[in-house]
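For reference, the structure is listed below as C-alpha cells.
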Amino acid sequence: MTTYGIGIQSPEQALASLSDMTTDLTPIQSNEFLARISAAQAYMQANNIDAIYLNAGTNLAYFTGMRWYASERLVGAILPAKGNVEYIAPYFEIGSLNDFMVTDGPIRGWQEHENPYQLCVDVLCEMGIDKNATIGIDESAQFFIYDGINKANSHYNIINAQCVTAHCRMHKSANELALMQRAMDMTLEVHKATASMLYEGITTTEVEAFIKKAHQKVGAPGNYFCIVLFGVASSFPHGVKNPQTLKKGDVVLIDTGCKVHDYLSDITRTYVFGDATVRQREFWQHEKNAQLAAFNAAKIGASCGSVDDAARQYLAANGMGPDYQTPGCPHRTGHGIGLDIHEWPYLVGGNTTKLAKGMCFSNEPMIVVPDEFGIRLEDHFYMTESGPCWFTEPAQSIDDPFGLGK
C-alpha cells in the first residue's frame, strides 16, 4: 500500500518548501474594538449589568486591543454599561501601557503601597455607578481580584462577567474568521511538511522542534502549542511524560497550532508510519465517520450538545463507548476557539447553547483504544447562515491523510 506524503524528504527539504503566509494580513482595527464595546454595553444595559471589570489577558485584548499579561498586580479596565472605558494599572506601568493602547481611555494608577481594589470602587463611583450596583468580574481574573473588590465594597452584586464576554466573543466577525482561516491554513501546511520529513528513529522532541521552525517559516512566532505522540503514547489525549522514538507501524498523532495577530489555529492529524494494520484502519475510519457525523449535525438553531450526541451515537452504534467510556471518545467532541485555544461554546453533552452564525468549533471526537493507540482527527468549522463550513478539509484516508494522491 502506497502511503502518500509520509517520510518522502529530509527535514531541510521540508522547511525549504515553506514560505511566509502572513504578508497580506491586517490585524483587527480600532473601529472593530469600538464596535465590540458597543455590543457589550448594549447587552449590559439589556440585562441590568452596571459595569464589568476586564482583567489583563484575552478579554482585555478582545474589547480594547490592549495586550497585557495577568500577574499578581491588578492591571485591567472598567467597562461601564454607559460611558467610556477606563484602565487601572500600577503607576510605574502607565508609560508601557500607553504604548500598547489601541482604544483610548484614561489610565488610573495605583502606587505599590495603595489598594488597587479601592481604586476600582472609586472609579466606579466617579462613573456614577451606585454602591449597590451589579458588577461583573472577568471570569479569567484571579480570585484575589474578586475578593479585593468585594472587600472594598461588600454592597456590590458581583456576578461572573462571562455572560457578557462569552456573548460577544463566541460570534466571530468576518475579520476574525479571516485571521483564523489563515492561521489554520498555515498549520495545515506545517502538518504536511512534518509528515514528509518523518523517518525511523526520529524522536518526538525532534519533531516538536521541527514544527516550531516550520511555523516560524510560514510567518508565525512559533508553536502556540505542540503535542507529538508515537505508538501507545497516542492513546493519551494530551501526551505522556517521556519522549518516544518512531518505529515502523507506529501510529503518529500530531496536534499543534499557531497564533496569527492573536488568533489561533489547532489541527490534529493521525496516521501510521509504514503499513497500517487492519485494526488501525478500522478505528481510523470510525474516527473520520464520527467527525463527519458531528459536522452533519451542526445546524443553525441546534444545540451544541446535539453535535456531541451525534458523534457519540455513531461510535456507540459501532461498538464503542457508550458515552465517555473507552474504547471510544473520553472527552467532548469540540471546543470554541478564537483568542483562546479553548473558549465558548463547547460541543459537549447537555450544552443547550444554540448554534448561531459566527460560532467556531473544533471537531475532534477522539477514539482511544487503551494500551494500543489513539486516533484524533481535528479540524475546525464555523457556522454560516446556511450551516457549517470547514476551515480545513478533513483528512482523506489513513494512507493519504493530506489528499496528495488525488
Atom pairs and distances, donor-acceptor, side-chain atoms in residues 188-203, under 3.5 Å, two or more places apart:
| from | atom 1 | to | atom 2 | distance (Å) |
| --- | --- | --- | --- | --- |
| Glu189 | OE2 | Lys192 | NZ | 3.2 |
| His191 | NE2 | Ile267 | O | 2.8 |
| Thr194 | OG1 | Val190 | O | 2.7 |
| Ser196 | OG | Gln9 | NE2 | 2.9 |
| Ser196 | OG | Ala193 | O | 2.7 |
| Thr203 | OG1 | Glu206 | N | 3.1 |
| Thr203 | OG1 | Glu206 | OE1 | 3.2 |

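Taking a cutoff of 4.0 Å between a charged side-chain nitrogen and a carboxylate oxygen, Arg73 and Glu93 do not qualify as a salt bridge. Between Asp340 and Arg169, at least one side-chain nitrogen of the basic residue sits less than 4.0 Å from a carboxylate oxygen of the acidic one, meeting the salt-bridge criterion. A salt bridge is absent between Arg67 and Asp99; no separation between the charged side-chain nitrogens and carboxylate oxygens falls under 4.0 Å. Salt bridge annotation for Lys172-Glu343: present, with a cationic side-chain nitrogen under 4.0 angstrom from a carboxylate oxygen.
Annotation for Ala89 and Ile107: closest pair CB-CG2, 4.1 Å, computed over non-hydrogen atoms. Considering all non-hydrogen atoms of both residues, Cys389 and Thr384 come closest at CB-CG2, 4.1 Å. In terms of heavy-atom proximity, Lys288 sits nearest to Pro394 at NZ-CB, 4.3 Å. When all heavy atoms of Pro401 and Tyr271 are compared, the closest pair comes out as CG-CD2, 4.0 Å.
Asn84 CG: 12 or fewer foreign heavy atoms inside a 6.0 Å radius. Under a cut-off of 6.0 angstrom, the local environment of OH in Tyr43 is crowded, with over 12 non-hydrogen atoms contributed by other residues, nucleotides or ligands. Within 6.0 Å of NZ on Lys212 lie no more than 12 heavy atoms contributed by other residues, nucleotides or ligands. Atom CZ of Phe225 has more than 12 heavy atoms from other residues, nucleotides or ligands within 6.0 Å.
Side-chain contact of Glu287 with Thr270: a donor-acceptor pair under 3.5 Å is absent, judged by distance alone. There is a side-chain donor-acceptor pair under 3.5 Å between Thr353 and Asn351. A donor-acceptor contact under 3.5 angstrom links the side chains of Gln142 and Asn55, judged on distance only. Counting only N and O atoms by type, the side chains of Thr165 and Glu139 include a donor and acceptor under 3.5 Å apart. Counting only N and O atoms by type, the side chains of Asn223 and Glu208 include no donor and acceptor under 3.5 Å apart.
The distance between the ring centers of Phe402 and Tyr4 does not fall below 6.0 angstrom.
Taking the centre and axis of the six-membered ring of Tyr324, the NZ or CZ atom of Arg312 falls inside the cone set by 45° and 6.0 Å.
By the 4.5 Å heavy-atom criterion applied to side chains, Pro237 and Val368 are counted as neighbours. Looking at heavy atoms from C-beta onward, Glu86 lies in side-chain contact with Met127 at the 4.5 angstrom threshold. Taking the side chain as every heavy atom from C-beta outward, Arg36 and Ile28 approach each other to under 4.5 Å. Looking only at side-chain heavy atoms (C-beta outward), Ile135 and Ile149 stay at 4.5 Å or farther from each other. Counting heavy atoms from C-beta on, the side chains of Thr187 and His215 come closer than 4.5 Å.
Ring pair His286/Phe283 is perpendicular by interplanar angle, where above 60° counts as perpendicular and below 30° as parallel.
Put simply, the side chain of Gln41 gets close to the backbone of Pro80: a donor and an acceptor are under 3.5 Å apart. For the pair Asp308 (side chain) and Thr333 (backbone), a donor-acceptor distance under 3.5 Å is present.
Considering Phe381, Phe295, Tyr382 in turn, Tyr382 is the only one that fulfils the ring pair (Phe, Tyr, Trp, His ring centres under 6.0 Å) rule with Phe391.
Note that SG of Cys120 and CG of Asn115 are 8.5 Å apart. Values are rounded to the nearest 0.5 Å.
With sequence neighbours left out, the side-chain hydrogen bond (donor to acceptor under 3.5 Å, both in side chains) criterion links Asn153 to no other residue.
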